[in-house]
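So the structure is just underneath, and the comments pick up after that.
The figures that follow rest on heavy atoms only: side chains count, while hydrogens, waters and symmetry mates do not. Here, residue 1 is the first one in the sequence, and each next residue gets the next number.
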Amino acid sequence: MKIVADLHLHSYFSRATSKSLNLENLHKWAQLKGINLVGTGDIAHPGWLKEMREKLEPAEEGLFKLKQEIARPYDAEVYKPCQAPVRFMLAGEISNIYKRNDKVRKIHNVVFMPSFSALEKFQARLEKIGNIRSDGRPILGLDSRDLLEIILETDPRGYLIPAHIWTPWFAMLGSKSGFDSVEECFDDLSDHIFALETGLSSDPPMNWRLSILDKYTLVSNSDAHSPQKLAREANIFEIELSYSAIFDALKTGDHDKFKGTLEFFPEEGKYHYDGHRKCEIRWHPKTTLENNCICPVCGNTVTVGVMHRAELLADRDVDEFRSNRHPFRSLVPLPEMLSEIHNVGATSKRVNKSFNFLLSKLGSELYILLDAPLEDIEHIAGPMVSEGIRRMRNKELQIDAGFDGEFGKVRMFDEQERKQFSSQLNFFVQQVETAENKSVPNQSPSISEQTAQYKKKEKGKNKHTLTQQAEKKSHDIVLNEEQARALQIIDTSLLISAGPGTGKTRTLTHRIAYLIKQKNIDPKNILALTFTNKAAEEMQNRLNEIIGAKDIKRL
């Protein structure tokens, strides 16, 4: 079976993480994102272990699921097209800061355990070394090699994967405090390392250039600090679901079992280019070398990014053969894409509403980004969203590369293209607004259901509904709910698509009457266009019946 796994993330016990980063929300957001298997995060924290014991129950071998009574209300918040089983694996990050060869090393590692009993033993060992209670990702004065030894002694099925290996400040190959190889870092236990996490600022082709990495399976995970950041990177397996099967696929690199990764565009990562964020210096490695790595503003050494560091260690061109190449696909998270399309922040209400609307209609975020037919996307969201996803899939993007802790900025459209798409986008926005239904989030209400909710709400405020207004002004010519709803849309473009004899002219004439009588719009400021004189005469006659001939003139 196909499994999408995001195995490196955090809990709310870690610093600088969302307070909503708990098991319940991970269960919910994994479904919305399209993830089947999630790391629990914060494997070393006793408080998190207690919470996991209380809320999780055994599932497949070495895996866990949220207890049904706890999951039920959160499943009700998941749209039906997104609903799927979610499993958890005991996993979390540890920060190792220590001195080796007269240099301070700062390395982050992801640890995996097959059972709660093994995890308890592991925590007991760590607590003798340092403080594991103040932070979900503890900082320990423990050599990475010695951490691996403790893992192996705790349980032979415990594993370690070096985290985001290129990050300058806290990674095995990082420019500031790392090593130049796996062997240099893990010494005599190096043979127990079989996979490496490449991080947001690099992608597989960058790593394929290093022959020293050929024997390792390259994995990708989100390192999420909030539930909404799940799946920005992930791994794809084709296996029977179990702890052992996951690690067998990673150890062997079997292409029939490990199908590859989902990746950030590396330029979007926080450390792709070199530079100084405070000094607003963003450099390609070539420019860095031309300036001897010195910032021209402050005179200090710039932060050497992932692209530069990988280039220094690379020993071949990207097109040269590497036997263990796995497929990968690059993506832009859907909220970021919608942020550019709407020209608002990625966490804005408009983006959130659009995001939820698309999920309710099409399915999970990963399905929309990677697999949904473009014609289906265009039918639901319009050509601008469909074109944005097409460009992402074909890597037709412009990206200002990230540097020194600053994420890169992705652009899919220029300003002229935005103007060309503006009318279609307004229609999408209107669809989103009218489709919103917060009370039953796992259903997509019909237009008639939405209108009924609107009428009920307005009636509760002792106001006339739009339908009542339309009926009152129409001399007993009754509009249906969809026609009546069209009257209220006055602040944006509106497109009505319907077949012959379905009431388009009726809707248009009553809309004009509504603007004049209810919104006090001067008839001189309203222009109605038709294809024939006969249609224009018919429209004029209908308006005469509703509001009187003195207000209407025909060109």
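Two rings, from H108 and F170, have their centers less than 6.0 Å apart. Remark: aromatic rings of Y273 and H284 are close, center separation under 6.0 Å. Separation of the F179 and F186 ring centroids does not fall under the 6.0 Å cut-off. Between F64 and F88, the ring center distance fails the sub-6.0 Å criterion. Ring centroids of F194 and Y159 are separated by less than 6.0 Å, placing the two rings close together.
Considering only heavy atoms from C-beta on, S20 comes within 4.5 Å of N25 through its side chain. By the 4.5 Å heavy-atom criterion applied to side chains, N352 and T347 are not counted as neighbours. You'll find the side chain of I193 reaches within 4.5 Å of the side chain of L148, heavy atoms only. P162 is not listed as a side-chain neighbour of V182, based on a closest heavy-atom distance of 4.5 Å or more. In this structure, the side chains of E387 and R391 come closer than 4.5 Å at one or more pairs of heavy atoms. L56 has its side chain out of reach of K67: every pair of non-hydrogen atoms, C-beta onward, lies at least 4.5 Å apart. The side-chain heavy atoms of K106 and S95, taken from C-beta on, include no pair separated by under 4.5 Å. Within the 4.5 Å cutoff, no side-chain heavy atoms of I399 are placed close to those of K409.
Taking 4.0 Å as the cut-off between side-chain N and carboxylate O, E184 and R100 do not count as a salt-bridged pair. A salt bridge is absent between R325 and D214; no separation between the charged side-chain nitrogens and carboxylate oxygens falls under 4.0 Å. Using a cut-off of 4.0 Å between Lys/Arg side-chain N and Asp/Glu carboxylate O, R145 and D188 are scored as salt-bridged. For R390 and E396, the salt-bridge test passes: some basic side-chain N is under 4.0 Å from an acidic carboxylate O. Using a cut-off of 4.0 Å between Lys/Arg side-chain N and Asp/Glu carboxylate O, E77 and K28 are scored as salt-bridged. Using a cut-off of 4.0 Å between Lys/Arg side-chain N and Asp/Glu carboxylate O, R393 and D371 are scored as not salt-bridged. The pair E238-K2 does not count as a salt bridge, with every side-chain nitrogen at least 4.0 angstrom from each carboxylate oxygen. For the pair E120 and R53, the salt-bridge criterion is met [side-chain N within less than 4.0 Å of a carboxylate O]. Salt-bridge formation is not detected for the pair K270/E406: no Lys NZ or Arg NE/NH1/NH2 atom is positioned less than 4.0 Å from an Asp or Glu carboxylate oxygen. The pair K215-E183 meets the salt-bridge criterion, with a side-chain N (NZ, NE, NH1 or NH2) lying under 4.0 Å from an Asp/Glu carboxylate O.
Counting only residues at least two apart or in different chains, salt bridge (Lys or Arg N to Asp or Glu O under 4.0 Å) contacts with residues 159-180 comprise D180-R309.
Side chain of D248 to backbone of S244: no donor-acceptor contact under 3.5 angstrom is found. In this structure, the side chain of S354 engages the main chain of R350 through a donor-acceptor pair within 3.5 Å. In this structure a side-chain-to-backbone donor-acceptor pair under 3.5 Å is present from E340 to M412. Of the possible polar contacts, none joining the E268 side chain to the G402 backbone as a donor-acceptor pair under 3.5 Å is found. Judged purely by atom type and a 3.5 angstrom limit, D254 uses its side chain to pair as donor or acceptor with the backbone of D256. Put simply, the side chain of T261 never gets that close to the backbone of E263: no donor and acceptor are under 3.5 Å apart. Not a single donor-acceptor pair under 3.5 Å links the side chain of R209 to the backbone N or O of D317. Between the side chain of R105 and the backbone N or O of G178, at least one donor-acceptor pair lies under 3.5 Å. Within the 3.5 Å criterion, the main-chain N or O of R411 finds no donor-acceptor partner in the side chain of Q398. At least one donor-acceptor pair closer than 3.5 Å links the side chain of D135 to the backbone N or O of R137.
Tested against C295, the residues T301, T288, I281 include a single side-chain contact (heavy atoms from CB on, under 4.5 Å) partner, I281. The one candidate from E24, H27, E69 that meets the side-chain hydrogen bond (donor to acceptor under 3.5 Å, both in side chains) condition with K55 is E24. Y271 pairs with exactly one of W169, F403, W166 by the side-chain contact (heavy atoms from CB on, under 4.5 Å) rule, that one being W169.
Evaluation of the side-chain contact (heavy atoms from CB on, under 4.5 Å) rule for R125 yields I150, E153 as partners, not counting sequence neighbours. Considering only residues two or more places apart in sequence or on other chains, S11 meets the side-chain contact (heavy atoms from CB on, under 4.5 Å) condition with F13, D42, W48.
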Go through F237 and L250 one step at a time and tell me if the side chain to side chain contact (heavy atoms under 4.5 Å, CB included) criterion holds. CA-CA 9 Å; F237 298 85; L250 294 179; 3.9 Å; yes
For side chain to side chain contact (heavy atoms under 4.5 Å, CB included), just list the numbers for L37 and V86, CA-CA rounded to whole Å, side-chain angles, deciding distance to a tenth of an Å, and then say yes or no. CA-CA 6 Å; L37 179 60; V86 176; over 6 Å; no
ring-ring contact (aromatic ring centres under 6.0 Å, His included) between H326 and F258, worked out: CA-CA 8 Å; H326 290 96; F258 183 66; 4.9 Å; yes
Please report the C-alpha distance between N109 and N96 in whole Å, then the side-chain angles of each, then the deciding distance to 0.1 Å, and finally whether the side chain to side chain contact (heavy atoms under 4.5 Å, CB included) criterion is met. CA-CA 8 Å; N109 297 293; N96 297 83; 3.0 Å; yes
Give the C-alpha distance, both sets of side-chain angles, the deciding distance and a yes or no for side chain to side chain contact (heavy atoms under 4.5 Å, CB included) between Y12 and S14. CA-CA 5 Å; Y12 68 91; S14 285; over 6 Å; no
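F265 and M392 make their closest contact through CZ-O, 3.8 Å (heavy atoms, listed as atom of the first residue, atom of the second, distance). Listed here is the closest heavy atom pair of Y243 and R157: OH-O, 2.6 Å. Considering all non-hydrogen atoms of both residues, P168 and V304 come closest at CG-O, 3.5 Å. Between A44 and Q123, the shortest heavy-atom distance links the atoms C-NE2, 3.4 Å. Scanning both residues, P333 and R232, for their nearest heavy atoms gives CG-CB, 4.3 Å.
Other residues, nucleotides and ligands contribute only 12 or fewer heavy atoms inside 6.0 Å of the CD atom of Q68. Within 6.0 Å of the NZ atom in K50, the count of heavy atoms belonging to other residues, nucleotides or ligands does not exceed 12. Counted within 6.0 Å of CD on E280, heavy atoms from surrounding residues, nucleotides or ligands total 12 or fewer; the atom is thus considered open. At most 12 heavy atoms of other shown residues, nucleotides or ligands fall within 6.0 angstrom of atom NZ in K229.
No side-chain donor from either of S364 and Q31 sits under 3.5 Å from a side-chain acceptor of the other. Side chains of T198 and N207: a donor-acceptor N/O pair is absent below 3.5 angstrom, by distance only. Judged purely by distance below 3.5 Å, without hydrogens or angles, the side chains of D404 and H276 never pair a donor atom with an acceptor atom. No donor-acceptor contact under 3.5 angstrom links the side chains of E240 and S242, judged on distance only. S134 and N131 share a donor-acceptor pair across their side chains, judged by distance under 3.5 Å alone. Using modelled atom types and a 3.5 Å distance limit, the side chains of H164 and E93 yield a donor-acceptor pair. Using modelled atom types and a 3.5 Å distance limit, the side chains of N235 and N221 yield a donor-acceptor pair.
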